[in-house]
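Atoms within a ligand are numbered from 1 in the order they appear, just like the ligands themselves.
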Amino acid sequence: MTSPSPSLAAATAPSRPALARSGSPRFDLYSGIHKAMRSFMAETLVRVGRIDVADAADRGQALVQLEQLLAFCADHLRHENTFVHTAIEARQPGGAAKVAEEHVEHGESIAALREEAAALQAAPEYAAAALALRLYRHLALFVAENLQHMHIEETVHNALLWQHFTDAELAELHGRLLASLAPEDKQTAARWMLPASTPAERAAMIAGMKAELPPEALLGVMVMLRPHLDTAGWAKLANAAGVSTQIGA
Ligand SMILES: [Fe+2]
């Protein structure tokens with residue numbers, strides 16, 4: 001359903017992390033949101049693989065989660081095309097062409113998966129098991145393609161961004177992207193990004209939210225996140241946010 005990706009060996013060739021002159025890591029537009037995507041994709045793939053087609057509620061809930069994932073993927077493509085590719089092309093014409101082609105294919109795959117999901121939703125029970133297995137396999141191929149694609153973005157595209165842009169420019173670009181998001185888009189991104197990140201990364205993200213959000217909105221984010229963190233992870237995040245570990249209990 002998508003074109004072959006660069007070989008895994010090439011995609012996983014050792015690379016040194018890029019450092020700014022100060023010795024700190026360069027600004028990485030991709031890594032946080034891609035952790036969210038990998039987590040959302042992996043959980044949804046497993047969820048679709050265990051659908052009980054005889055249980056209408058279970059079938060429906062799994063397909064709602066799949067649609068949320070596909071909408072998240074479609075939005076992500078648009079954000080990368082609008083903000084990141086435009087920036088790369090402005091300073092290195094053609095630099096984003098290969099990845100942009102893959103984005104077109106991903107859009108086609110998303111449309112095909114939506115059609116298969118609609119067919120499964122409407123199918124009588126006797127036909128549903130075969131449709132569910134077909135959807136699961138095609139979603140697995142979509143996830144596989146995306147895992148390789150994201151690696152290329154985090155290596156090849158980041159190298160271009162770091163070559164042509166300062167960290168201040170990348171932070172400004174990232175700020176414009178975030179400002180384009182609706183509140184519910186930010187909520188979905190936080191739902192998947194924070195649990196998929198390290199405690200240090202979570203602490204940095206929650207500090208950013210604390211600086212931006214009214215206290216009650218920050219508490220709302222924390223309550224939303226709690227069920228998705230283990231006990232130790234929750235305690236570290238509550239400590240970083242300066243809130244009680246008891247909220248949302
Ligand atoms: Fe992408």
### Message
Can you see whether Glu153 engages His149 through a side-chain donor-acceptor pair at a distance of less than 3.5 angstrom?
### Response
yes

### Task
Would you confirm whether the ring centroid of His151 sits within less than 6.0 angstrom of the ring centroid of His34?
no

### Task
Could you check which N/O/S atom of Glu153 is closest to the Fe ion (ligand 1)?
OE2

#### Entry: Glu80: its N/O/S atom lying closest to the Fe ion (ligand 1) (atom name)
OE1

Can you tell me if an N/O/S atom from [X] lies under 2.8 Å from the Fe ion (ligand 1)?
{"X": "His106", "value": "no"}
{"X": "Glu102", "value": "no"}
{"X": "His103", "value": "yes"}

### Message
I'd like to know whether Glu102 forms a side-chain hydrogen bond (donor to acceptor under 3.5 Å, both in side chains) with His106, so could you lay out the CA-CA distance, the side-chain angles of the two residues, the decisive distance to 0.1 Å, and finally the verdict.
### Response
CA-CA 6 Å; Glu102 291 184 3; His106 292 179; 4.8 Å; no

### Summary
The reported gap from CZ in Arg137 to CG in Leu45 (rounded to nearest 0.5 angstrom) is 12.0 Å

### Lys/Arg cation over aromatic Phe165: Arg91, 6.0 Å, 45° cone
yes

